[in-house]
Number of protein chains: 2
Amino acid sequence: MKYLLALLPFPLLLSAPLAAQQADPPTPASVIADAPASDWAAIDPADMLVMTLAPDAQGEPRQVVVQLMPPPFSQGWVGNIRKLAAAQWWDGTSVYRVVDNWVSQWGDVDETKLLPGGLQVIPESAYGTEVTHSMRDLALGRMARVPFPDPQAPAVFFQNGWPTAASSADYPLVSGGSKDAAFAQAWPIHCYGSVGVARNLSPDTGTGAELYAVIGHAPRALDRNIAVVGRVIEGIEHLSTLPRGKGDAGVYDDPALRVPIVSVRLGNALPAADQPRFEYLASQSASFAAYLAVRANRNDSFYRVPAGGVDICNVPVPIRRSAAR
Amino acid sequence: MKYLLALLPFPLLLSAPLAAQQADPPTPASVIADAPASDWAAIDPADMLVMTLAPDAQGEPRQVVVQLMPPPFSQGWVGNIRKLAAAQWWDGTSVYRVVDNWVSQWGDVDETKLLPGGLQVIPESAYGTEVTHSMRDLALGRMARVPFPDPQAPAVFFQNGWPTAASSADYPLVSGGSKDAAFAQAWPIHCYGSVGVARNLSPDTGTGAELYAVIGHAPRALDRNIAVVGRVIEGIEHLSTLPRGKGDAGVYDDPALRVPIVSVRLGNALPAADQPRFEYLASQSASFAAYLAVRANRNDSFYRVPAGGVDICNVPVPIRRSAAR
């Protein structure tokens, strides 16, 4: 989970005078450590997938936890994914494609395995979501605007702990006016660890059976071109350290390299003791505002020049395991 | 080298109608394929490091090629690195620290190995370079401005094939006026694959003996806080797929996990037949301008919504092996 928490101060550090850091300005790690319990929000086990891969070459277990995207984004695909998990469809499939600085992808490499009934076909228009008045008002209570320019969108913000973009810089700061005047579209952003729905050429949008996780620099050109349906919140290293594929498009040419998927389950389908328990730093909390500010202006015993800005994917939302309820 | 060339069109692709793509709008791959030889610039073998790691568990060889940064950036550190390579100092050291979505780091984990004589101590002021008239005029002939906002710098551009930032949006478009009027500082940018100089707390700047390569989302907060001295142009997978360290700051707690470095040599110190031969797409070429434009506006049989912008680290400079001279 390290990659979603504050990154450790940089390199040699072994000799850093830890005691002397007490008086330092805040760091991402110190802001997270100081956040009161009330600034953390629980993630419902029903909103997580637990993917168990075959043990590694040393016999060590490999488990990946994916948080599914909440409404209003990507609902059609997330609904399909819930059905696929309930049908235990991924059991016996594999991670079959790994491209450096791009993605690790899993599902049925041959695309011949029968899909469960009842999956939705989702139109490309669902890559973005029209922002209505009620949604905007709701969002106002749950979001943090990122006050720096983004090269790919007029506005970027965190909503319910998710990096999101909007087609108008006025959204969601304008709370009055008619819907038409304040119309905007919003969509989820691809960052490191994002999980999306692999697909064939447009207008295909994918079912959700073939999924990928981003294991490199945020591929923002995919925003609005492919469905983001979640993010890896634990175990990304089991996907990012896999050998890169040497076949077409990075598919493993040797089937022996495929990593078997033992099972994929919704968190609430597991025995109570095995259910994943995580929480995230709420976007609208004072702690998140402080975290965002310090990410944009590192200024401590290691960082000498504050940047004065930060891109949204360099503000990984703090997520941590929480005590069992 | 795949990650520095155009990324393959996305996912299932196995069934993509390749013939039908001839009439499509340009893609990064097609722009690169169409670039005339005159738009490519050779990289001098003397400006590359060849790092040979011990073979992997399957006995496969592992070689990483690093291109060193040209003037005017990071010269003190690059000079030290040349001395360290000439002294064969890295031979017998190791890759000893790997942090997911952050860096792989190599050198002498114990920091006890005697350094060669004559290494420079470089001040923090060298993280940036003051832009003089002559430099700016030189740059004008060799750069490509990225015409999109960057959250961390007033201006970003490619200079001699390297992503660079400047403290003034006027640089380097203003070619007249006095030095004071047009004063600006410029500095290299951390992207995926960038190689930098690990260091202890400020004001230490590192010697260049301990190096890291970025294996995740561009850590732009490090810009101007640590020296960027090069980039991995081949073999990044030998660093990005290593097991993540579980000790303090991601250092391998088990010394058996360290990856032995057999040798590090400057390219021109190798026998002629083994010298690395690479070329990059020149920043000021028409092909590079087309490449930048298509990276910002993917609009082909896979991409449906052009972003209308791109962050500089999503414009990986095309670099490829060239024929022996």
Side-chain angles (χ1 to χ4, degrees), chain A residues 2-3 7-8 10-16 57 99-102 105 111 124 127 148-152 191-192 198-202 210 212 216-226 236-237 240-244 248-251 295 298 301-305 307-311 313-314, chain B residues 2-3 7-16 99-102 105 111 124 127 148-152 191-192 198-202 210 212 216-226 236-237 240-244 248-251 295 298 301-305 307-311 313-314:
Chain A
K2 195 167 280 171
Y3 88 98
L7 293 163
L8 291 162
F10 205 57
L12 299 177
L13 254 245
L14 303 172
S15 56
V99 182
D100 199 74
N101 193 21
W102 194 240
Q105 184 171 321
E111 288 193 272
E124 290 181 317
Y127 291 141
F148 308 111
D150 181 272
Q152 282 113 336
C191 292
Y192 188 90
R199 63 168 171 83
N200 277 299
L201 297 182
S202 169
E210 309 303 308
Y212 62 86
H217 188 74
R220 295 285 306 278
L222 295 175
D223 295 355
R224 286 185 289 180
N225 282 299
I226 203 161
I236 185 79
E237 66 275 16
S240 61
T241 63
L242 296 176
R244 281 35 178 159
D248 284 347
V251 171
R295 279 265 173 214
R298 297 298 301 267
S301 54
F302 188 79
Y303 288 84
R304 177 183 153 270
V305 180
V310 67
D311 73 283
C313 289
N314 265 321
Chain B
K2 193 167 284 171
Y3 86 99
L7 294 162
L8 291 161
F10 205 54
L12 298 179
L13 252 246
L14 304 173
S15 56
V99 181
D100 198 74
N101 193 21
W102 194 240
Q105 184 171 321
E111 288 192 273
E124 290 181 317
Y127 291 141
F148 309 111
D150 180 274
Q152 282 113 337
C191 292
Y192 188 91
R199 62 169 171 83
N200 277 299
L201 297 183
S202 168
E210 309 302 309
Y212 62 86
H217 188 75
R220 295 285 306 278
L222 295 175
D223 295 355
R224 286 185 288 180
N225 283 300
I226 202 159
I236 186 77
E237 67 274 16
S240 61
T241 62
L242 296 176
R244 281 36 179 159
D248 285 345
V251 171
R295 280 266 174 213
R298 296 298 300 267
S301 55
F302 188 80
Y303 288 84
R304 178 182 151 270
V305 180
V310 67
D311 73 284
C313 289
N314 265 320

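Any value given below was found using the heavy atoms of this structure, including those in side chains, with hydrogens, waters and symmetry copies removed. To find a chain, count down the sequence lines: A is the first, B the second, and so on, and within it residues start at 1. On a predicted model such as this, the values are computed, not experimentally measured, just so you know.
- The CH2 atom of A:Trp102 sits 12.5 Å away from the OH atom of B:Tyr192 when rounded to the nearest 0.5 Å.
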Item to complete: Start with the C-alpha distance between B:Ile236 and A:Asp100, add both sets of side-chain angles, then the distance that settles side chain to side chain contact (heavy atoms under 4.5 Å, CB included), and finish with yes or no.
Response: CA-CA 8 Å; B:Ile236 186 77; A:Asp100 199 74; 3.2 Å; yes
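- Using a 4.5 Å heavy-atom cutoff, the side chains of B:Phe302 and A:Asn200 are not in contact.
- How far NE2 of A:His217 is from CG of B:Asn101: 10.5 Å, rounded to the nearest 0.5 Å.
- Under the 4.0 Å criterion applied to side-chain N and carboxylate O atoms, B:Arg304 and A:Glu124 are assigned as salt-bridge partners.
- Within the 4.5 angstrom heavy-atom criterion, atoms from both the backbone and the side chain of A:Asn314 approach chain B.
- At a threshold of 4.5 Å between non-hydrogen side-chain atoms, the residues B:Phe148 and A:Gln152 do not count as touching.
- Partner of B:Tyr303 under the side-chain contact (heavy atoms from CB on, under 4.5 Å) criterion, chosen from A:Leu222, A:Leu201, A:Ile226: A:Leu222.
- No option in B:Asp311, B:Val310, B:Asp150 other than B:Asp311 meets the side-chain contact (heavy atoms from CB on, under 4.5 Å) test with A:Pro151.
- Heavy-atom minimum distance, A:Ser240 versus B:Arg244: OG-NH2, 3.4 Å.
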